[in-house]
Amino acid sequence: MTEAEEEALADAYERALELEKAGAPDAAAAWRAVLAMNDADPGGAALRLAALGAGPAPDRAPAAYVATLFDQHADVFDGILVDQLEYGAPLLARERVQALGLGPFGGMLDLGCGTGLAAEAFEDMTEARAGVDLAPGMIEIADEKELYSALFVGDAVTFLEQADERWDLIVATDVLPYLGDAAPLFRAVAARAAPGALFIFTTETAPEAAFAGRPWTVTPHQRFAHAPAALGLMLEAAGLSALEATEIMVRRESGAPIIGHLFLARAPG
């Protein structure tokens with residue numbers, strides 16, 4: 001995009017956001033205009049339309065949106081996520097693994113690794129760690145912590161589909177809230193999991209009525225919520241066995257707890 005086009009897109013985004021916050025009836029039209037200006041959708045207009053009930057729930061958050069969102073907050077990410085939003089999924093995952101007497105592990109793959117919170121949680125339980133994330137800024141912060149033997153900028157599913165290595169522990173904390181249809185991820189994980197590997201991931205959920213019979217929906221916070229039973233079926237279809245799904249507080253949003261689940265699953269063998 002040219003500089004003028006980027007400025008026009010930014011102006012349109014701010015206008016749509018103001019209309020949405022004001023509850024204006026023409027907010028949906030404003031978001032459609034934003035989406036029409038750039039179909040890569042770095043502003044997440046499709047998600048906002050779905051959250052407003054003015055558009056279908058997409059299969060996933062746009063890659064450009066996820067990368068933009070996290071790059072904007074990379075330098076202060078840990079403080080916002082842990083201190084303000086009380087995000088503790090990696091440590092909760094470690095606690096469940098220890099409680100079940102699992103591990104230690106050889107290689108760990110951290111999908112959506114962010115700044116490396118999961119690597120910190122499992123550092124002493126793994127021999128080597130690799131991480132992949134869409135946001136280059138997050139990868140830079142993770143690299144500074146010297147927790148990973150390898151780091152990659154890219155999409156989790158695409159990375160798995162192109163990888164040759166197999167991992168004993170695959171972690172995807174706070175990935176599914178940006179991914180509606182989890183089936184491609186589960187299939188890709190199964191293909192790159194070592195025999196008997198452990199797969200850990202977290203989800204957010206919503207009242208049953210919000211799903212309207214669908215396996216996932218977009219919440220008012222523009223994140224995906226998943227029906228736990230549907231995820232169990234997706235895991236089974238991918239050849240993975242669910243060990244448990246523990247209800248957890250994933251984080252807080254505007255001070256209110258966001259409830260989800262911590263899934264542990266096994267690869268065959």
Side-chain angles (χ1 to χ4, degrees), residues 66-67 69-156 159-160 163 165-179 185 189 192-194 197-204 223 243-244 246-253 257-258 260-265:
V66 176
L69 178 67
F70 284 99
D71 272 342
Q72 287 176 340
H73 300 98
D75 291 339
V76 294
F77 181 76
D78 287 3
I80 292 175
L81 197 62
V82 177
D83 298 335
Q84 296 182 26
L85 303 183
E86 298 183 26
Y87 172 78
L91 291 177
L92 291 174
R94 176 191 170 92
E95 289 173 3
R96 288 308 303 153
V97 169
Q98 289 180 313
L100 294 173
L102 304 176
F105 306 93
M108 167 183 164
L109 176 62
D110 188 2
L111 300 173
C113 65
T115 58
L117 296 176
E120 291 176 353
F122 286 99
E123 181 181 11
D124 64 344
M125 298 181 68
T126 52
E127 295 177 7
R129 292 155 299 281
V132 57
D133 199 283
L134 274 170
M138 301 295 251
I139 290 291
E140 290 180 11
I141 301 296
D143 189 42
E144 292 172 0
K145 295 182 178 180
E146 299 182 348
L147 294 167
Y148 297 93
S149 55
L151 284 165
F152 306 89
V153 176
D155 171 73
F159 174 83
L160 286 163
E165 190 173 347
R166 293 182 180 269
W167 289 273
D168 305 296
L169 173 64
I170 300 178
V171 179
T173 54
D174 205 40
V175 170
L176 266 69
Y178 299 94
L179 193 65
L185 174 67
V189 165
R192 302 320 311 160
L198 184 65
F199 175 39
I200 302 173
F201 64 95
T202 59
T203 70
E204 296 180 10
R223 289 161 65 90
L243 298 179
E244 64 176 29
T246 306
E247 185 174 293
I248 61 171
M249 186 193 82
V250 180
R251 62 191 181 90
R252 291 187 180 274
E253 185 74 37
I258 300 297
H261 290 84
L262 171 66
F263 274 81
L264 273 65

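In this structure, the side chains of Val189 and Leu111 come closer than 4.5 Å at one or more pairs of heavy atoms. Put simply, the side chain of Leu134 reaches to within 4.5 Å of the side chain of Asp155, judged on heavy atoms. Using a 4.5 Å heavy-atom cutoff, the side chains of Leu160 and Leu109 are in contact.
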Go through the steps to decide whether Arg223 and Asp174 satisfy the test side chain to side chain contact (heavy atoms under 4.5 Å, CB included), and finish with yes or no. CA-CA 10 Å; Arg223 289 161 65 90; Asp174 205 40; 2.7 Å; yes
Output, in order, the C-alpha distance, side-chain angles, deciding distance and verdict of side chain to side chain contact (heavy atoms under 4.5 Å, CB included) for Glu204 and Arg251. CA-CA 9 Å; Glu204 296 180 10; Arg251 62 191 181 90; 3.2 Å; yes
Do Asp110 and Leu147 pass the side chain to side chain contact (heavy atoms under 4.5 Å, CB included) test, and can you show the C-alpha distance, the side-chain angles, and the key distance before you say yes or no? CA-CA 11 Å; Asp110 188 2; Leu147 294 167; over 6 Å; no
Stepwise side chain to side chain contact (heavy atoms under 4.5 Å, CB included) test for Leu179 and Phe201: CA-CA 12 Å; Leu179 193 65; Phe201 64 95; over 6 Å; no
Under the criterion salt bridge (charged side-chain N to carboxylate O under 4.0 Å, His left out), I'd like the reasoning laid out for Glu244 against Arg96: C-alpha separation, chi angles, the key distance, then a yes or no. CA-CA 10 Å; Glu244 64 176 29; Arg96 288 308 303 153; 2.7 Å; yes
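For the pair Asp168 and Ala194, the tightest heavy-atom approach, listed with the atom from each and the gap, is OD1-CB, 3.5 Å. The nearest pair of heavy atoms linking Phe122 to Ala93 is CZ-C, 3.9 Å. Nearest heavy atoms, Ala121 versus Asp124: O-OD1, 4.2 Å. Between Arg129 and Glu123, the shortest heavy-atom distance links the atoms NH1-O, 3.3 Å. Here the shortest heavy-atom pairing between Asp71 and Ala135 reads OD1-CB, 3.3 Å. Residues Ala128 and Ser149 come closest through the heavy atom pair CB-OG, 4.0 Å.
Atoms OH and OG1, on Tyr148 and Thr126 in that order, are 9.5 Å from each other to the nearest 0.5 Å. The structure places OG1 of Thr115 at 12.5 Å from CG of Asp143, a figure rounded to the nearest 0.5 Å. To the nearest 0.5 Å, the span separating CZ on Phe263 from OG1 on Thr246 amounts to 9.5 Å. Taken from CZ in Phe105 to CH2 in Trp167, the straight-line distance is 16.0 Å, to the nearest 0.5 Å. Here the straight-line distance linking atom CD of Glu120 with atom NZ of Lys145 works out to 4.0 Å at 0.5 Å rounding. Atom CE of Met108 sits about 10.5 Å away from atom CG of Leu198, to the nearest 0.5 Å.
Considering Leu169, Leu92, Leu102 as possible partners of Ile200, the one that fulfils the side chain to side chain contact (heavy atoms under 4.5 Å, CB included) test is Leu169. For the side chain to side chain contact (heavy atoms under 4.5 Å, CB included) test with Cys113, the passing option among Val175, Val171, Ile139 is Ile139; the others fail.
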